[in-house]
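Counting starts at 1 for both ligands and their atoms, in listed order. All residue numbers in this chain count up from 1 along the given sequence.
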Amino acid sequence: MGTRIIDGKTIAADLRGKVTDAVHRLRRDRGIVPGIAVVLVGVDPASEVYVRNKSKAVAESGMRAFDCKLAASTSEAELIALIAKLNADEEVSGILVQLPLPKQIDAQKIIAAIDPAKDVDGFHPVNAGRLASGLSALVPCTPMGCVILAKTVHETLAGLEAVVIGRSNIVGKPVARLLLSENATVTITHSRTNDLPSVCRRADLVIAAIGRPEMVRGDWIKPGATIIDVGINRVPGEGGKARIVGDVAYAEAMQVAGAVTPVPGGVGPMTIACLLLNTLRASCAQKGLPAPKV
Ligand code: GUN
């Protein structure tokens, strides 16, 4: 049996189409247009690309994008003042502050200043706590995308051995909590885990989110396992051109696994699709409407 390539681009396009339809219905039936404020501080080139892609996707979905670009010298107080304005603005359903932030700004303070109801990144401690407690929450986008992709392979995740590699607040911890809420048996591993390859070999489902190029090798993988690769690592390629690779040695995984996400074209496109879904959900909740059917 061949290894299935999980086509994140197509799955994300399908989800974006459903969000776009729901946004259209919301405008037509209720005159509501969800909006997201995308805040970028400074001139980090990678962040500029991410922010441009997010704003473009928001516009394509029929929602409003409010781009807020601030100078690299912006103070913490100035950014908090902007967030207070966006919190109070009824046209703004979601607020995304692109990370990383310049050194003079404490990212945790900024995240805590966002109204949890508008926290479409799902990074606010209230949303993290609600997710950890099994309550409804705005859920971080990349973890949500990982679970959607895993469910295209497995009808249910209940009972699966899931191994998460990485314990960040953005991916590792929230994806583990989501998998637990799907009744998987979840192990969170990290840089201090003893004999990581052995732990990984137990997994029916691996979520690799360590940020180390091709760290997960073919002989770490149980035959037939599903591999979700969150890594986006730039490495030197042929002719001095940079190449993007994941946290999993893709060619090796393709020899052993049952299903694998490619990099690029796997988890990446899902993150933006889930951001659109979160913005739609936030908008409906703020207007007292039931969760949209998507
Ligand atoms: N920087 C890298 N990934 C993300 C993300 O998902 N959200 C935000 N706000 N910043 C990021």
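- Remark: D195 CG is packed, more than 12 non-hydrogen atoms of other residues, nucleotides or ligands lying under 6.0 Å away.
- Heavy atoms from other residues, nucleotides or ligands lying under 6.0 Å from CZ of R217 number more than 12.
- A salt bridge links K151 to E182: one of the charged nitrogens lies within less than 4.0 Å of a carboxylate oxygen.
- Taking CZ from R212 and CG from N233, the interatomic distance works out to 10.5 Å, rounded to the nearest 0.5 Å.
- The L96 neighbourhood of ligand 1 comprises atoms 9 (N), with distances under 4.0 Å to a heavy atom of that residue.
- The protein heavy-atom contact nearest to atom 8 (C) of ligand 1 is D121 OD2, 3.3 Å.
- Remark: ligand 1 and Q98 share an N or O pair separated by less than 3.5 Å (distance only, no angle test).
- Counting heavy atoms closer than 4.0 Å to ligand 1, residue L99 contributes atoms from both its backbone and its side chain.
- Checked against a 3.5 angstrom limit, the closest N/O atoms of Y50 and ligand 1 fall outside it.
- For ligand 1, the polar-atom distance check finds no N/O of P100 at less than 3.5 Å from any of the ligand's N/O atoms.
- Here is the list of ligand 1 atoms found below 4.0 Å of a heavy atom in V97: 8 (C), 9 (N).
- Y50 OH: 12 or fewer foreign heavy atoms inside a 6.0 Å radius.
- At most 12 non-hydrogen atoms from other residues, nucleotides or ligands lie less than 6.0 angstrom from CZ of R192.
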